[in-house]
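Comments concern the structure below.
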Amino acid sequence: MKPIPVTPETTAVARRVVWFESPEEALADPVRFLAYAMARATHEDMKTIRHYVADAEFVEALDKAPPGIIDRRSWAYWNSKMGRYPAPPEPKRQLG
């Protein structure tokens, strides 16, 4: 996946969506950032993100999403939005 550029707009979104770390840290891992965005971003935030992220990259982020970030409802919504219905199983934590 290509990096999400650090711009004033993406920085503002990252600050709201991944509030517990710097925007630069959040944007440095696009898969993880998109997982948080799919669970927590507003419609306006997503409009900004969609300027930089193609559908194929959203699908990649869904396929590689860390477990425990995207809630069940958001998982179903974003998979459906990307043409994947029914949604594949949610990411599971691996023990051991």
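- Residue pairs meeting the ring-ring contact (aromatic ring centres under 6.0 Å, His included) criterion with at least one partner in residues 3-40, sequence neighbours excluded, are Phe20-Tyr36.
- In terms of the side chain to side chain contact (heavy atoms under 4.5 Å, CB included) criterion, residue partners of Arg16 (sequence neighbours excluded) are, by chain and number, Ala12, Val13, Asp45.
- The shortest distance between side-chain heavy atoms of Arg15 and Pro23 falls below 4.5 Å.
- The side chain to side chain donor-acceptor pair (under 3.5 Å) check on Lys81 picks up nothing, with sequence neighbours excluded.
- When all heavy atoms are compared, the tightest approach of Ile69 to Ala39 is O-CB, 3.5 Å.
- Evaluation of the side chain to side chain contact (heavy atoms under 4.5 Å, CB included) rule for Arg50 yields Asp55, Phe58, Met82 as partners, not counting sequence neighbours.
- Glu9 and Thr7 form a side-chain donor-acceptor contact under 3.5 Å, judged by distance and modelled atom types alone.
- Legend: residues meeting side chain to side chain donor-acceptor pair (under 3.5 Å) with Thr11, ordered by chain and number and at least two apart, are absent.
- The list of side chain to side chain donor-acceptor pair (under 3.5 Å) pairs with a residue in residues 22-32, not counting sequence neighbours, reads Glu21-Arg32, Ser22-Glu25.
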Residues Tyr52, Thr10; criterion side chain to side chain contact (heavy atoms under 4.5 Å, CB included); working and verdict: CA-CA 9 Å; Tyr52 301 99; Thr10 60; 3.6 Å; yes
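- Of all non-hydrogen atoms in Gly68 and Arg93, the two that sit nearest each other are CA-NH2, 3.6 Å.
- Separation of atoms CE (Met38) and CD1 (Ile49) is listed at 9.0 Å; rounding is to 0.5 Å.
- For Glu60, the salt bridge (charged side-chain N to carboxylate O under 4.0 Å, His left out) partners are Lys64, not counting sequence neighbours.
- Residue pairs that meet the side chain to side chain donor-acceptor pair (under 3.5 Å) test with at least one member in residues 65-76, sequence neighbours left out, are Asp71-Ser74, Arg72-Glu90.
- Taking CD of Gln94 as the start and NZ of Lys92 as the end, the distance is 10.5 Å to the nearest 0.5 Å.
- The salt bridge (charged side-chain N to carboxylate O under 4.0 Å, His left out) check on Arg84 picks up Asp63, with sequence neighbours excluded.
- To the nearest 0.5 angstrom, Ile4 atom CD1 is 4.5 Å from Leu34 atom CG.
- Every residue two or more places apart in sequence or in another chain was checked for a side chain to side chain contact (heavy atoms under 4.5 Å, CB included) with Pro3, and none qualifies.
- For the residue pair Val18 and Ala26, the shortest heavy atom distance occurs at CB-CB, 3.8 Å.
- Residues passing the side chain to side chain donor-acceptor pair (under 3.5 Å) test with Thr48: none are found, sequence neighbours excluded.
- When all heavy atoms of Ala65 and Ile70 are compared, the closest pair comes out as CB-CD1, 4.0 Å.
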